[in-house]
There are 2 protein chains.
Amino acid sequence: MAVTLKDIAIECGVSYSTVSKALKDSPLVTEATKRKIKEKAEEMNYIPNNSARSLVSNKSNTIGLIWPAVDRVAVTTLASQINEAVKKAGYFMVVSIDDPITAAGKFLELRFDGVIVFDEGEETRLPAKITNNIPVVAYGVERELDYPIINVNHDKSMQLAVDTLMDKGHSEIDYIGDLETKDIRQIIKKETFIHYCEEKKVNYRLIDSEGLSEEVTSNSLRKFLANNTLKRGIVCGSYDITMGLLHHIDKQAEKPMIVSYDNIKKFDAIDTPVYTVGVPSEKIAESLVQMLIKHIEAEDIEEEQIIQLYPEVTYP
Amino acid sequence: MAVTLKDIAIECGVSYSTVSKALKDSPLVTEATKRKIKEKAEEMNYIPNNSARSLVSNKSNTIGLIWPAVDRVAVTTLASQINEAVKKAGYFMVVSIDDPITAAGKFLELRFDGVIVFDEGEETRLPAKITNNIPVVAYGVERELDYPIINVNHDKSMQLAVDTLMDKGHSEIDYIGDLETKDIRQIIKKETFIHYCEEKKVNYRLIDSEGLSEEVTSNSLRKFLANNTLKRGIVCGSYDITMGLLHHIDKQAEKPMIVSYDNIKKFDAIDTPVYTVGVPSEKIAESLVQMLIKHIEAEDIEEEQIIQLYPEVTYP
DNA sequence: TTGAAAGCGCTACCAG
DNA sequence: CTGGTAGCGCTTTCAA
């Protein structure tokens, strides 16, 4: 059915190993034959068979991203940036929104070259059975894993957030975030906020967003605001949470100062200026991909398992 | 490196073709040998090589979803539902956030069994060069394509929206949507709204959301509301646009009646009740996958190229 | 510079 | 019921 090397070889009157070489731009083939073969291939609409290639070369040139929670905006931005970085490295990226173990298993069967996983806790820990067979890099929080993990230091971000507010004279600060959660990132943010405020003698309150999405935050804040008012300095746990908050203060004349976690460009589109803390998402993407490629291309490098990335503050 | 059928065969003292059959649960193998082989395979952590399989059987059991704009909430919901439907059909789904032509080309090289593409206009039209070689189904608007497309009848949805408002006594209606766009879905929604209002002698206004995201909508509305007030009946072009609108009317005591396009469960999470029109996303997913599978499993079925799905109204 | 041939891991067919 | 074997499309030696 589909055009193969052999078909091209016949058309060109050469052997199919020559065609193979020509199409890979091998120096072992004359420019003239190369050109002829390439033209024919194009004309015949040749599409390389990755399965065959992968079978013999043990390389599929594709990497898999495991991303079960498709719907958080900040993560979405990261995914696009990872896609770009992967492309730049000469690979193709594909994402699965299945549960992590299933996805990783399938990636293995498909003989992908590597996988990136958004680490969210125990449910996203990939078993050794899998990670022994394919390079894996995680994005998350510092924890013991048998594959490298990029730590974006949520704690440092929160300290930076509080410092930023204090610098502007705020000594009373509200934290809006997901309080009742098992998501380790959220826990770290909350805990660090508390400890750091105590250390710095800052008056603080914790306000539960009751989840991570904008809608739940907005609803939860409505209830809160029925009997309370917000302080003049606010730390938000994420982009989506900030959006939920903005529902309520959008039309307010006197706006509070908001420092939000998640350092993504998307904040620029918002009308209300918001300070932002976190590792810029391009840096995270760059770092993840570099690490993974290194593991794919060099066999068992003895490397630090935890890569530290440090947050920055941005003001639009 | 990785365990192969041969390795298992040696361990079990059988031929590797027997192992192949046993692992596929073929009736041609005794239960006893089957069990032994399966156990050994498990124990040795055998992972089938999809490349090899695909090479000989011409089947990868995976389908690709092309989804370049990762960040619209309604679409996100659809993607998860497609993933579920694909799984139920015995396939694995993988998504690419690359541009459609690149993605489709890669899917072809990877010898995936089919592709689903979110059709948004000319830039997402897949060339015959590709579609001749792999079954494709699109989700979008009725248009001429050389592969089947699921039409969710945006026009009918808009009529339904206006009817719903009229039923409740509204004779003045605002439409909030992306007005300056090349996205055919947005155009159809807007145009139908206009024509239908004229036909029904409804007083209407068009308000530009200046894009499809919640943020831009919110900003644009802020400007609008500086000099205007909204009518008591509003049609919103999408879930995200509705969210943008809610920024402004959240705290209002007297709420307008909102009918939003996009029929997804997510609306249930919102505090303000919103009427919803559109084809429920589970139905879209189901339909897309069924169609694709049909094309994968039966060769060139002479089939209607356009599948019509009709909208429903929902009130939480 | 080109060609021949082995072999990647697997399925499917045919022989026993 | 089990084994042997051809061959899927390709890369990669090795020979010519």
Side-chain angles (χ1 to χ4, degrees), chain A residues 1-38 40-41 44-62 105-113 133-134, chain B residues 1-38 40-41 44-62 105-113 133-134:
Chain A
M1 166 78 242
V3 178
T4 71
L5 287 188
K6 239 172 205 158
D7 301 321
I8 302 174
I10 294 171
E11 280 295 311
C12 294
V14 295
S15 79
Y16 72 94
S17 59
T18 303
V19 178
S20 170
K21 286 169 204 153
L23 259 22
K24 301 198 102 53
D25 237 338
S26 155
L28 299 176
V29 184
T30 341
E31 275 309 320
T33 24
K34 244 194 245 183
R35 196 167 38 252
K36 194 179 66 181
I37 290 173
K38 283 182 179 173
K40 252 297 179 264
M44 297 174 75
N45 188 27
Y46 168 70
I47 295 150
N49 186 326
N50 221 311
S51 298
R53 241 180 217 183
S54 166
L55 186 58
V56 36
S57 67
N58 252 312
K59 202 125 193 337
S60 61
N61 282 303
T62 116
K106 287 295 189 175
F107 287 169
L108 247 185
E109 291 185 14
L110 289 163
R111 292 300 189 271
F112 285 176
D113 296 328
N133 289 289
I134 187 170
Chain B
M1 166 76 243
V3 177
T4 72
L5 287 189
K6 241 173 203 159
D7 301 322
I8 302 174
I10 294 169
E11 280 295 311
C12 294
V14 294
S15 79
Y16 74 95
S17 62
T18 303
V19 177
S20 171
K21 286 170 208 152
L23 259 22
K24 300 199 103 53
D25 237 337
S26 155
L28 298 177
V29 184
T30 340
E31 275 308 320
T33 25
K34 242 194 245 182
R35 197 167 37 253
K36 194 178 67 183
I37 290 172
K38 283 182 179 171
K40 250 303 177 263
M44 298 174 75
N45 188 26
Y46 168 71
I47 295 149
N49 186 327
N50 222 310
S51 298
R53 241 179 216 180
S54 166
L55 186 57
V56 38
S57 67
N58 251 313
K59 199 125 197 334
S60 61
N61 282 303
T62 116
K106 285 296 189 175
F107 286 168
L108 246 186
E109 291 186 14
L110 288 164
R111 292 299 189 272
F112 285 175
D113 296 328
N133 289 290
I134 187 170

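All heavy atoms count here, side chains included; hydrogens, waters and symmetry mates do not. Within every chain, numbering begins at 1; the chains are lettered A, B, ... in the order of the sequence lines, protein sequences first and strands thereafter.
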Checklist entry - When the nearest nucleotide of DNA chain D is assigned to Val56(B) and to Val29(B) on a heavy-atom basis, which residue is associated with the more 5' position? => result Val29(B)

Item to check | Within residues 8-23 of chain B: residues closer than 4.0 Å to DNA chain D (heavy atoms) | outcome: Val14(B), Ser15(B), Tyr16(B), Ser17(B), Thr18(B), Lys21(B)

Checklist entry - Side-chain contact, heavy-atom cut-off 4.5 Å: Leu110(B) with Leu110(A)? => result no

Checklist entry - Hey, does Thr33(A) reach any base, or is it just sugar-phosphate, or nothing, if we go heavy atoms under 4.0 Å? => result sugar-phosphate

Item to check | Length of the line joining Asn49(B):CG and dG9(D):C1', which is rounded to integer Å | outcome: 14 Å

Checklist entry - Between atom NZ in Lys24(B) and atom C1' in dC10(C), what is the gap in whole Å? => result 9 Å

Checklist entry - Using a cut-off of less than 4.0 Å, is there contact between a side-chain N or O of Arg53(B) and OP1 or OP2 of dC10(C)? => result no

Checklist entry - Taking only N and O in the side chain of Ser51(B), is any of them less than 4.0 Å away from OP1 or OP2 of dC8(C)? => result no

Next on the checklist: Distance check needed: dC10(C) P versus Asn50(B) CG, whole Å only.
Outcome noted: 10 Å

Item to check | salt bridge (charged side-chain N to carboxylate O under 4.0 Å, His left out) partners of residues 44-58 of chain B, not counting sequence neighbours, each pair once | outcome: none

Item to check | Separation between CZ of Phe107(A) and OG1 of Thr62(B), rounded to the nearest 0.5 Å | outcome: 9.5 Å

Next on the checklist: Could you measure the distance from the OG atom of Ser57(A) to the CZ atom of Arg111(A)? Nearest 0.5 Å is fine.
Outcome noted: 12.0 Å

Item to check | Of Lys34(A) and Thr4(B), the one whose closest DNA chain C nucleotide lies more 5' | outcome: Lys34(A)

Next on the checklist: Taking the nucleotide of DNA chain C with the nearest heavy atom to each, does Tyr46(B) or Leu28(B) sit closer to the 5' end?
Outcome noted: Tyr46(B)

Item to check | Beyond-backbone contact of Tyr46(B) with Leu5(B), side-chain heavy atoms, under 4.5 angstrom | outcome: yes

Next on the checklist: Rounding to an integer number of Å, can you tell me how far Glu31(A) CD sits from dT1(C) P?
Outcome noted: 10 Å

Checklist outcome for this item: To the nearest angstrom, the CD1-P distance between Ile47(B) and dG9(C) comes to 13 Å

Checklist entry - Could you give the distance from CG (Asn61(B)) to NZ (Lys106(A)), rounded to the nearest 0.5 Å? => result 7.0 Å

Checklist entry - Rounded to the Å, how far apart are Leu55(B) CG and dG7(D) C1'? => result 9 Å

Checklist entry - Atom CG of Leu108(A) to atom P of dG9(C): distance rounded to whole Å? => result 15 Å

Next on the checklist: Rounded at 0.5 Å granularity, tell me how far CD in Glu109(B) sits from CG in Asn49(A).
Outcome noted: 9.5 Å

Next on the checklist: Rounded to whole Å, please give me the gap between CG in Leu5(A) and P in dT12(D).
Outcome noted: 12 Å

